[in-house]
Amino acid sequence: MLQKTSHYMRQANLIGGEWVQADSGATIDVTNPATTLKIGTVPKSGRAETRRAIEAAQTAFQSFRKTSALERSKLLRKLHDAIMDNQEALAELLTMEQGKSLTEAKGEIGSSAAYVLWFAEEARRAYGDIVPSPWADRRILVTREPVGVIAAITPWNFPSSMLSRKIGPAIAAGCTAVVKPASQTPYSGLAWGALCEEVGIPKGVVNIVTGSAGEIGDELCSNPLVKKITFTGSTEVGKMLIEKSASTVKKVSMELGGNAPFLVFDDADLDRAVEGAITAKYRNSGQTCVCTNRFFVQAGIYDSFVKKLSEASAKLKVGPGLDAGVQQGPLIDEKAVEKVEEFIADASAKGGKVLTGGKRHALGGSFFEPTVIAGATTDMKFMKDEIFGPVAPVFKFETEEEGVALANDTEFGLASYFYTGDLGRAFRVMEGLKYGMVGVNEGLITTPEAPFGGVKESGLGREGGHQGIDDYLDTKYVCIGGLGL
Ligand code: NAP
């Protein structure tokens, strides 16, 4: 392990600027999914530690909210530089706990830094309004103020970058934060604490607790000092957090599950579509919320598409993320492998044909072969449920209307993709897809400049783009009267 990596691997929680253990001394083991060996522990904190973290954030908020936008922007720039200066070490830590290839991990750390830089810039542009007044002697001002203490809960699939979209806008807006990273990948979350300390972000502005999800979540949702909950994770947990936050009427931002369609029309550039399909399917071993869950291919090119996709999938190099040249690491755990096997068994029983892959990889553990299934039909499980693994089911459709209707036939609405060479069709399909994000002839579209988020049961609010700071600000209308004008 790089020396710097061990520096960032914090086995403690950060509360009010102090690195502390759980009150009970209890810990959670963290394992490397590539080896299944334990790499360390983190505190198993609960309600009491979370309450203290919230109180520390509330105390810090009293002074942090008064800092100027320029000061906060400079802090975020320093944070960006610290992340990039330690990109290698942070990526190694991420691969060790999460499993993704080192190349993808470096990409994720780069993306974290890019979001922080974006919000360093947005901090200075959180404009209000001066509104033309209907009264001769009064003036109308609309200002924007930080909401206060925010709580962030994040998943294991992007343990660093999911936090950058929450810590970045929180600091930019002048909020303070209590963060709960996923228990399987807590170190990339805790590393944010070390980085914030290094660049001089005041104590208590960012607090990080690990441990019992239910207890921490309950305190974050019910504590009146917390003004906003921002969550990335499953729709199931998201719905529960919305319900629990209702009693104190918190703002909620939810980045939830997806069921991304990827349509390929007869007039598409086939090689480009296959290249996009590989990226949109197998990134992070298929474990991203924007990964293609269902491929819909028009009848005229169906056979050539599945052949090319199978060949390209079979060539992917599977192995431990830290090994050179590896393109697909292990799945997060055994449960994830069993879930993928269920999807394949269900499809096979209903007439689907496995063209490549279809089973556990010879490397053992939670490694799985990139898999392509032809002859997918709408009664198969993956039509409705998120696979979250390296399985590509390919459905056939005849007309554009049918393709779009199939793509929309889900309660989710996060990312979608389609490939066509026809400009008119590009607009028709783009406007017909009920999704928060659409990639047209592109399979990888996430960037800090653009608003990321979903419609329907995929979530509420947007992260990134100029919209990404909105949920961290309250709007205040000020009417100034008696001006004697
Ligand atoms: P998850 O089970 O919902 O867990 C996400 C986070 O919620 C973890 O920190 C987890 O803690 C915590 N959590 C679990 N139960 C909780 C409770 N009762 N109260 C409070 N917090 C609780 O999701 P996951 O399996 O880690 O992540 C995969 C899901 O995230 C997929 O559905 C994926 O599509 C979605 N996702 C969405 C986006 C997006 O931007 N839309 C991005 C990435 C992932 P523990 O780890 O301690 O259990």
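Note that the structure is a prediction, hence the values are computed from the model and not measured. Counting starts at 1 for both ligands and their atoms, following the listed order.
In I216, neither the side chain nor the backbone holds a heavy atom less than 4.0 Å from any atom of ligand 1. Residue-level proximity to ligand 1 for F158 is absent, since no heavy atom of it falls below 4.0 angstrom. Residue-level proximity to ligand 1 for N157 is carried by the side chain, the only part with a heavy atom below 4.0 angstrom. By the criterion of a heavy-atom distance under 4.0 Å, neither the backbone nor the side chain of E236 is placed next to ligand 1.
Using a 4.0 Å threshold on non-hydrogen atoms, atom 4 (O) of ligand 1 does not count as touching the protein.
Residues meeting the salt bridge (Lys or Arg N to Asp or Glu O under 4.0 Å) test with R360, sequence neighbours left out: E334, E341.
A 4.5 Å side-chain heavy-atom check between I167 and F119 finds every atom pair outside the cut-off.
A salt bridge between K239 and E457 is present, with a side-chain N of the basic residue lying under 4.0 Å from a carboxylate O of the acidic one. Salt bridge annotation for E411-K456: absent, with no cationic side-chain nitrogen under 4.0 angstrom from a carboxylate oxygen.
Between atom 35 (C) of ligand 1 and the options G258, G257, G233, the minimum heavy-atom separation is to G233. Summarising the contacts of atom 32 (O) of ligand 1 with E386, E463, M162, M254, the nearest heavy atom is found in E386. Heavy-atom proximity to atom 22 (C) of ligand 1, evaluated over A213, S212, G436, is greatest for A213.
For the residue pair N223 and T248, no side-chain donor N or O sits within less than 3.5 Å of a side-chain acceptor on the partner. Defined by atom type and a distance below 3.5 Å, a donor-acceptor pair is missing between the side-chain atoms of E49 and N13. With no hydrogens or angles considered, a side-chain donor-acceptor pair links S222 and R47 at under 3.5 Å.
In terms of polar-atom proximity, defined here as any N/O pair under 3.5 Å, L256 does make such a contact with ligand 1.
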Expected list for residues 158-165: side-chain donor-acceptor pairs under 3.5 angstrom, two or more places apart:
from	atom 1	to	atom 2	distance (Å)
S160	OG	S112	OG	2.7
S164	OG	S161	O	2.6

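Between F382 and F343, the angle of the ring planes stays under 30°, which puts this pair in the parallel group of the 30/60° scheme.
Nearest protein neighbour of atom 25 (O) of ligand 1, counting heavy atoms only, is W156 NE1, 3.1 Å. When hydrogens are left out, the protein atom nearest atom 10 (C) of ligand 1 is K180 NZ, 4.0 Å; that is the closest non-hydrogen contact.
Close approach of ligand 1 to L414 is summarised as follows: ligand atoms under 4.0 Å from at least one heavy atom of the residue are 41 (N).
Taking 4.0 Å as the cut-off, T235 does not count as a neighbour of ligand 1 on heavy-atom distance.
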